[in-house]
Amino acid sequence: MIQALKGVRHVASGKMNLAVSELSIPVPWGEIRGKVWGPDHGRPVLCLHGWADNCGTFNTLLPLLPKDFRYIAVDLAGHGRSSHRPPGVLYAFPSYVMDVRRVVDALQWRKFSIIGHSMGGNIAGMFSALYPEMVDSMILLDSYGFLPTELKEMPKVLRQGMDEMIQFEKKMEDVKTKVYTYDQAVERLLVGNQSLTEESAKILLERGLVEVEGGVVFSRDFRINLNVVRISLEQSMELQSRIEASVLVVLAESGFEKIFAKADQKKFTSALLQAYRDRHDTVVKVPGDHHVHLNNPEAVASLVSEFLQNKALSASTGSGDVHSPKL
């Protein structure tokens, strides 16, 4: 059963008002929470946030996008207000992809678009490769759709992740969750993520904090740091070749491209971007940093809007493809 939770509200934007409500989708270990924007029968768009963020990352962008779409932004498992995975379970990357499959199954979406930021873009890429018939357009915000790892590094990464998980489980019984004041939590997030403005940090903390006695604690699950599953460039290219959706890649000039500055990393990103261009997809750069879509949404809104209108609305789909259950 899909539930619309308390607090339907309207967010004002320069061009329109969007009704916003909370979403809850049951999963075997709890629930995946999120936010719903736009009309019941609008063209469906799934919005996937980046690592350690939550669906609030789209708060400033979505009000600037076309009003005839139905935007659902979810908190990925272990993030925001969604349930943590059960004890002993790693946040393996394919599990996030499986969660997307659970979400769209609950929503009864057969064809939709995806907007993914950072890790959310990598989830979008893999999902679009595994279920190409379901995705008509994909927008990657400072993401390449895949994050390859050097083949020779995989055993090291796998072993390290497993060892860290064991150590984490051993110490969890004795470690108390750190309690912060609100101002301390804002400062902590800004120190850990320097691409955020203070305003953007406060937006993410609306869903990223839980009130407890004496202050607040971060809601995300520490185990999201322990992702042991990686794929090679060859695997990434094979998956990318199976994507049927039209793709828009929006790269921030001071975003991931600067982070991936080493020669061995450049060969990965260059190969992926060239493959998109060879498919006649669109790759553009905008001024800004990794969270440009949140910090300065106007820098990307017109690109995203035009792409959605030209690609998603023009996609040849049956009338049932835009069905969205009444929340």
Exercise. Report the residues that fulfil side-chain contact (heavy atoms from CB on, under 4.5 Å) with Glu234, sequence neighbours left out, ordered by chain and then residue number.
Key: Ser232
Quiz item: Among all residues two or more places apart in sequence or in another chain, which pass the side chain to side chain donor-acceptor pair (under 3.5 Å) test with Tyr91?
Solution: Asp221
Exercise. Could you tell me whether the side chains of Ser200 and His291 share a donor-acceptor contact shorter than 3.5 Å?
Key: no
Practice problem: Return the set of residues passing side chain to side chain donor-acceptor pair (under 3.5 Å) with Lys285 (not counting sequence neighbours), or none when no residue passes. | Solution: Glu257
Practice problem: Measure across Arg230 and Gln235 and return the closest heavy-atom pair with its distance rounded to 0.1 Å. | Solution: O-OE1, 4.5 Å
Quiz item: Between Arg159 and Asp163, is a salt bridge (charged side-chain N to carboxylate O under 4.0 Å, His left out) present by the stated rule, with each step listed?
Solution: CA-CA 6 Å; Arg159 174 173 172 157; Asp163 287 347; 3.6 Å; yes
Quiz item: Quick check: does any side chain N or O of His290 sit under 3.5 Å from a backbone N or O of Leu196, one acting as donor and the other as acceptor?
Solution: no
Quiz item: Which of these, Val45, Val20, Ile72, sits in a side chain to side chain contact (heavy atoms under 4.5 Å, CB included) with Trp37?
Solution: Val20
Self-check item: Side-chain donor/acceptor of Tyr276 to backbone N/O of Tyr144, under 3.5 Å
Solution: yes
Quiz item: Going by atom types only, do Thr57 and His293 share a side-chain donor-acceptor pair under 3.5 Å?
Solution: yes
Quiz item: Is the count of non-hydrogen atoms from other residues, nucleotides or ligands lying under 6.0 Å from Glu133 atom CD greater than 12?
Solution: yes
Quiz item: Does CD belonging to Glu298 count more than 12 external heavy atoms closer than 6.0 Å?
Solution: yes
Exercise. For the pair Glu22 and Lys35, evaluate salt bridge (charged side-chain N to carboxylate O under 4.0 Å, His left out) and give the outcome as yes or no after the intermediate values.
Key: CA-CA 5 Å; Glu22 278 282 323; Lys35 296 175 71 173; 5.8 Å; no
Self-check item: Salt bridge flag under 4.0 Å for residues Arg102 and Asp105
Solution: no
Practice problem: May I ask you to check whether Glu31 and Ser24 show a side-chain donor-acceptor distance below 3.5 Å? | Solution: yes
Quiz prompt | cation_pi(Arg43, Phe112) dist<6.0 Å, angle<=45 | solution = no
Quiz item: Cationic tip of Arg85 within the cone over Tyr96's six-membered ring, i.e. under 6.0 Å and within 45° of the normal?
Solution: yes
Quiz item: Charged N to carboxylate O under 4.0 angstrom, Arg223 versus Glu169?
Solution: no
Practice problem: Answer yes if the side chains of Asp183 and Thr181 hold a donor-acceptor pair under 3.5 Å, and no otherwise. | Solution: no
Quiz prompt | Donor on one side chain, acceptor on other, Ser246 and Asp281, under 3.5 Å | solution = no
Self-check item: Phe218 and Tyr180 aromatic ring geometry - parallel, tilted or perpendicular at 30°/60° bounds
Solution: perpendicular
